[in-house]
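Have a look at the structure below, then the notes.
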Amino acid sequence: MVAFDPVSFVAGTVGPMAEHTFPYVCSIVGIEGPREGEHVGSGFRVVSGTRRLLVTAKHVMECARAFPLGAGFVEKRGEPPVRLAQLEIGDDISDVVVVVLGESDEAGAQFIPVSQFDADQT
């Protein structure tokens, strides 16, 4: 009988998980200037029907919105931040917020289809 080794399990899964999710991840930033943003957390891009969405933690978005020019996101390091609109979907119970992206937000970026999510709650 082999004992379960959680460290080995995590070490063996982090690489494949990161490789699968990396194209959809972006940096959530607090905007300090036209070309400057401070990383405050991460989010991922999702497409549901025709809606392009950005999903992140509510506390991350609150931190980013506290900056002088509000919240934004950056796909690649060194790029200027794209300002996020105020249109958000969330609630007061969970720590999740969904931002509806406009047509011009992040042209050419990859979005993971919501159909690829595992809906099993167990």
Side-chain angles (χ1 to χ4, degrees):
M1 182 168 153
V2 176
F4 176 71
D5 180 5
V7 174
S8 293
F9 172 77
V10 170
T13 58
V14 169
M17 181 181 68
E19 185 177 324
H20 177 72
T21 60
F22 185 75
Y24 313 109
V25 175
C26 63
S27 176
I28 307 298
V29 298
I31 303 176
E32 299 172 315
R35 298 197 52 82
E36 298 176 33
E38 182 178 322
H39 175 83
V40 296
S42 298
F44 63 97
R45 296 177 301 273
V46 178
V47 64
S48 179
T50 60
R51 294 173 78 175
R52 297 173 350 134
L53 310 168
L54 179 64
V55 180
T56 190
K58 187 175 181 179
H59 71 270
V60 168
M61 190 60 67
E62 289 171 350
C63 181
R65 292 219 187 276
F67 278 72
L69 297 177
F73 64 93
V74 176
E75 182 182 357
K76 295 179 184 167
R77 187 181 193 121
E79 291 183 352
V82 175
R83 191 155 199 261
L84 287 169
Q86 295 291 329
L87 182 55
E88 297 177 5
I89 303 165
D91 58 46
D92 292 331
I93 298 170
S94 66
D95 189 34
V96 176
V97 66
V98 177
V99 180
V100 178
L101 296 175
E103 289 296 319
S104 63
D105 295 335
E106 228 172 336
Q110 293 185 44
F111 290 77
I112 188 168
V114 73
S115 62
Q116 289 188 15
F117 292 172
D118 184 357
D120 185 1
Q121 299 293 318
T122 59

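Only this structure's heavy atoms are used, side chains among them; waters, hydrogens and symmetry mates stay out. Sequence positions, counted from 1, serve as the residue numbers for this chain.
- Looking at Thr56 and Phe44, their side chains never come closer than 4.5 Å, going by heavy atoms from C-beta outward.
- Considering only heavy atoms from C-beta on, Ile31 stays 4.5 Å or farther from Pro68 through its side chain.
- Among all heavy-atom pairs drawn from Pro81 and Gly37, the shortest one is CG-N, 4.3 Å.
- Applying the side-chain hydrogen bond (donor to acceptor under 3.5 Å, both in side chains) definition to pairs two or more places apart or across chains, those involving residues 29-43 are Ser27-His39.
- For the residue pair Arg45 and Cys26, the shortest heavy atom distance occurs at NH1-CB, 3.2 Å.
- Under the side-chain contact (heavy atoms from CB on, under 4.5 Å) criterion, Ser94 pairs with Asp91, Val96, sequence neighbours left out.
- Leu54 places a side-chain heavy atom less than 4.5 Å from the side chain of Phe73.
- Nearest heavy atom pair, residue Pro80 against residue Pro34, reads CB-O, 3.9 Å.
- Between Val40 and Met61, every side-chain heavy-atom pair lies at or beyond the 4.5 Å cut-off.
- The shortest distance between side-chain heavy atoms of Leu101 and Leu53 does not fall below 4.5 Å.
- When every heavy atom of Glu79 is checked against every heavy atom of Val74, the shortest pair comes out as O-CG1, 3.8 Å.
- Ala64 and Val29 get closest at one heavy-atom pair: CB-O, 3.4 Å.
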Does the pair Val60 and Asp95 meet the rule for a side-chain contact (heavy atoms from CB on, under 4.5 Å), with working shown?
-> CA-CA 9 Å; Val60 168; Asp95 189 34; over 6 Å; no
